[in-house]
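Each remark here refers to the structure printed beneath this line.
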Number of protein chains: 2
Amino acid sequence: MKISVLGEGMHCRSCHDCTARGFAICAALDKTELRELAQLSRHVRFESGATVFAQANIATSFFSVHAGTLRLYKLLPDSRRQIVGFALPGDFLGLPGLPHHEFSADAVGRVTLCQFPKESFATFAEKRPQLLRRMVELAGHELARAQEHMVLLGRRSAEEKIASFLISWRDRLSGIGRGGEILPLPMKRLDIADHLGLTIETVSRTFSKLERDGVIQTFASGVVLLDTPRAEALSAGVS
Amino acid sequence: MKISVLGEGMHCRSCHDCTARGFAICAALDKTELRELAQLSRHVRFESGATVFAQANIATSFFSVHAGTLRLYKLLPDSRRQIVGFALPGDFLGLPGLPHHEFSADAVGRVTLCQFPKESFATFAEKRPQLLRRMVELAGHELARAQEHMVLLGRRSAEEKIASFLISWRDRLSGIGRGGEILPLPMKRLDIADHLGLTIETVSRTFSKLERDGVIQTFASGVVLLDTPRAEALSAGVS
DNA sequence: AGATGTTGTTGATGCAGATCAATCGCCGGA
DNA sequence: TCCGGCGATTGATCTGCATCAACAACATCT
């Protein structure tokens, strides 16, 4: 049987067997509501590097990540960049109550998303306390992650930053059932640098150092944690 | 008439004429609901430096700041500290869905708070979509602030950090009707340093430089912005 | 196969901000 | 009035990471 490829603007055929279901916003919904919500949504796809939305533009949609990774970033006028996070399947993009996008988002590799028009999603959510509760919960988790990242940016050394990043990336992936021996890093060195408040050279040097020290082994598409306890100690900020 | 001083454990006498009402979570409630919620709450007071709750402890209450300033911070095992934010009147403390406090909070100067037992607040909120909507909204604003702060921590120079901090502090104060010629800074230099990812010496030097350059004038209890456009330019990351 | 572009690594050098250290102003208590 | 402690300021020096520069490893195109 031929797998049909989803194009931009195509309706989601089935939320029921969606692989991102368990962790996404829709986990809060029952079968009927799920079908209703599916009516509002479109499945959209973006190729590697494509911009999903840009900072300061008016937000007309919310998104829920279905597959792939996105980088979420803010730019300063002189083009310094801070990646405020990476979005993975199940993550919700968009903040009710803020008219503009607070950051830009683009695809790291190929990405598929559920897109909801802001207005109709808001109307749908208005009368559904469990959905709202779930949104508060997701926002809370996001906020906790953001605060942890502030500690990293403000108070950790380059080596600790890299180790923390690897550990938290591993934990996020395993949280959505993507754990494994090899830790895939779909983003480039420059993305990691702009996420951790470092330069690309320092990121590269630090990976090399961790490899020399036997903490990790690097591959084209990711790393393997050889000495997890050591990585976790660095990540925790001990020694 | 003698003003009675509220002690720990005393009930809030009147949410109706609460000075933090307009911006707090309670703005979403009508008169009846307000009275119901008041039944659940206690007004509590903390003296300067007192700890309201500590990171990793089980959260049994939510709080809404009534008056004063709190510092919210995370500690690394070796006692490095990152202040993830300052809470002002109207700010809500506590995240539904996370059992533990994600950070510690203590009073900067005298503080009064509305305290809600977590369980009863959750029950109260469960059936009130406008309240939940308001919580999503507040969480969204908080998240946007956190992301802006990541840019500051990861990508700005010391001078830009101080200028950004002053501008955003000014904007927050004016947002709750506390704007004015002189910008009060109730927190100490060490707090500012731990908020901006700097040392106390660099903070002090940078204040001195901004004063030498005629951008600000420092006082015991705050600063005056003499050259606001220049401060805003630094804050925006231009030049 | 050779040319070209993209990404990552490594080396040499510079500098912003950390660290170490001394001093000052201010307030409260003896 | 003097003393002790805390917070802030300022100076001297050090260092972790940025910057500048060269090159290596691959992939894509001709």
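We name chains A, B, ... by the order of the sequence lines, and we start the count at 1 in each one.
- Between M187(A) atom CE and dT7(C) atom P the separation is 15 Å, expressed in whole Å.
- Dashed line: the shortest gap from a side-chain N or O of T202(B) to OP1 or OP2 of dA18(C) is under 4.0 Å.
- Heavy-atom minimum distance, G68(B) versus V65(B): O-CG1, 3.9 Å.
- Salt-bridge annotation for R145(A) and E148(A): absent, with no side-chain N of the basic residue lying under 4.0 Å from a carboxylate O of the acidic one.
- Applying the 4.0 Å criterion to OP1 and OP2 of dT9(C), one finds that R189(A) has a side-chain N or O inside that range.
- Cation-pi check for R189(B) over F207(B) is met; the charged atom lies under 6.0 angstrom from the ring centroid and within 45 degrees of its normal.
- If you measure from atom CD1 of I162(A) to atom P of dT9(C), you get 11 Å, rounded to the nearest angstrom.
- Residue S208(A) is in sugar-phosphate contact alone, with no base atom involved, counting any heavy-atom pair closer than 4.0 Å across all strands shown.
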- Derivation of the side-chain contact (heavy atoms from CB on, under 4.5 Å) call for L70(B) and V108(B): CA-CA 5 Å; L70(B) 297 103; V108(B) 176; 5.7 Å; no
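- Spacing between atom CD1 of I192(A) and atom C1' of dG8(C) amounts to 11 Å, rounded to whole angstrom units.
- Here the P atom of nucleotide dG8(C) and the CD atom of E211(A) are 14 Å apart, to the nearest Å.
- If you take CG of D78(B) and P of dA18(C), they are 15 Å apart, rounded to a whole angstrom.
- Residues D227(A) and P229(A) are in side-chain contact: their nearest non-hydrogen atoms beyond the backbone lie under 4.5 Å apart.
- For the pair T218(A) and R155(A), both in contact range of DNA chain C, the more 5′-proximal nearest nucleotide belongs to T218(A).
- If you find the closest nucleotide of DNA chain D to V203(B) and to G197(A), the one lying nearer the 5' end belongs to V203(B).
- Remark: C1' of dG8(C) and CD of E201(A) are 10 Å apart, rounded to the nearest angstrom.
- Taking 4.0 angstrom as the limit, T199(B) places a side-chain polar atom (N or O) nearer than this to OP1 or OP2 of dA18(C).
- Separating the CD1 atom of I200(B) from the P atom of dT19(C) is a distance of 12 Å, rounded to the nearest angstrom.
- Side chains of E211(B) and Q217(B) form a contact here, defined as non-hydrogen atoms less than 4.5 Å apart.
- In the 5' to 3' direction, nucleotides of DNA chain D lying under 4.0 Å from heavy atoms of chain B begin and end at dG7(D) to dA12(D).
- Proximity of D194(B) to R155(A): side-chain heavy atoms (C-beta onward) are separated by under 4.5 Å at one or more points.
- One can place NZ of K188(B) at 13 Å from P of dC27(C), the figure rounded to the nearest angstrom.
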